[in-house]
2 protein chains.
Amino acid sequence: MDKLDRTDRKILQLLQQDCRITIKELAEKLHLSNTPVYERVKKLERSGIIKNYVAVLDPEKIDRNLVVFISISLTKHTRDVVEKFESEVLALSEVMEFYITSGNFDAMVKIMVKDMNAFQHFIQEKLSKFEYLTRFNSTFVISSSDKIGYDL
Amino acid sequence: MDKLDRTDRKILQLLQQDCRITIKELAEKLHLSNTPVYERVKKLERSGIIKNYVAVLDPEKIDRNLVVFISISLTKHTRDVVEKFESEVLALSEVMEFYITSGNFDAMVKIMVKDMNAFQHFIQEKLSKFEYLTRFNSTFVISSSDKIGYDL
DNA sequence: ATTGAAACGAATGAACG
DNA sequence: CGTTCATTCGTTTCAAT
């Protein structure tokens, strides 16, 4: 897919805010008929610019209101060790995001848990068991705000 | 909303993976008819457990492939200063997430930009202009992986 | 690349077990 | 809770431009 024109960007902006909007409604907002909007959305999907459509849940309502970033140092940095660590860490239910990073640590994970007890359990029973993990540092999130989508 | 039963959790799991799935398809996967599935989805929406439905874009395809976490120290920590800082920083197109944090810094932002030039521009022309910002530290993301949704 | 219409399939709500 | 069924509404395709 090449360049996005004004209409494509507007479609993406609206779908980033609410992807259950109907083609019909999109068409009305854009002052076009169904077909061109339909074709544009399909093209954006096929090109991979739209990766997928997901439901966003409220962390508070599902007991995931405590967010912690944990920076991690490893003792080995070979590809196989790092990849195994990544996939095993990401498989833990508390872990939402995994990053290989520059700087003082090798990796960072974002975890979302119910409370401090759940955090302690995660550290003691799960994270600390990894063989090649040598050191970590936890940064607690006091409050946060996310942007709805990308500015195009 | 009270407790989620097995069916609710399955619905949420499927909607977190693909929220454009039809009620009909959902019903087939759950071996139920349309109506109960429809009613459950509406209830999950009304209760706020489902916050919204969003299209996820591919960062690479929209020139946002360089991800950087920037930890920030402020000189003042009053409510008004922090809130103004938060809203102004979040309004910058490069900034996707803003966190008030514990630890050595006061805040952390996640930015997504095209390349190092865009990063440099962000630092020099945008971030550095904030009056109460005193010190910051950038952690570059080398690779990352996100989880599709919450394990319920 | 857009329109308008038509065929099809899904969402919604009533009636009921 | 669940099912079936009827109606409404959106999606998808296509001929024409």
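Within every chain, numbering begins at 1; the chains are lettered A, B, ... in the order of the sequence lines, protein sequences first and strands thereafter.
- We find that CG of B:Leu26 is positioned 13 Å from P of D:dG2, with the value rounded to whole Å.
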*Show your reasoning for whether side chain to side chain donor-acceptor pair (under 3.5 Å) applies to A:Tyr53 and B:Gln17.*
CA-CA 7 Å; A:Tyr53 298 101; B:Gln17 288 164 200; over 6 Å; no
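- In this model, the phosphate group of C:dA1 is not approached by any side-chain N or O of A:Arg40 to a distance below 4.0 Å at OP1 or OP2.
- Helical stems in DNA chain D, defined as runs of 3 or more consecutive Watson-Crick or G-U wobble pairs with donor-acceptor distances under 3.5 Å: C:1-16 with D:2-17.
- Atom CG of A:Leu30 and atom C1' of C:dT2 are 13 Å apart (whole Å).
- Both cation-pi conditions hold for A:Arg135 and A:Phe105: the charged atom is under 6.0 angstrom from the six-membered ring centre and inside a 45 degree cone around its axis.
- Checked against a 6.0 Å centroid threshold, the rings of A:Phe140 and A:Phe119 count as neighbours.
- Residue B:Glu28 contributes atom CD, which lies 13 Å from atom P of C:dG9 at whole-angstrom precision.
- The hydrophobic cluster containing B:Tyr132 also includes B:Val81, under a criterion of side-chain heavy atoms closer than 4.5 Å among ILVMFWY residues, counted directly or through chains of members.
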*side chain to side chain donor-acceptor pair (under 3.5 Å) between B:Glu86 and A:Ser145, intermediate numbers included*: CA-CA 9 Å; B:Glu86 168 161 355; A:Ser145 39; 2.6 Å; yes
*Taking it one step at a time, do A:Tyr99 and B:Lys110 satisfy side chain to side chain donor-acceptor pair (under 3.5 Å)?*
CA-CA 12 Å; A:Tyr99 301 95; B:Lys110 179 186 184 180; 3.1 Å; yes
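- Heavy atoms only, all atoms of each residue included: A:Met112 and A:Val67 are closest at CE-CG2, 3.9 Å.
- None of B:Arg64, B:Lys126, B:Lys114 except one satisfies the salt bridge (charged side-chain N to carboxylate O under 4.0 Å, His left out) rule with B:Glu94; the exception is B:Lys126.
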_Each nucleotide in nucleotides 6-17 of chain D should get exactly one letter: B, S or -. Can you fill that in based on protein heavy atoms under 4.0 Å?_
----SBBBB---
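- The distance between atom CG of A:Leu32 and atom P of C:dG4, rounded to the nearest whole Å, is 11 Å.
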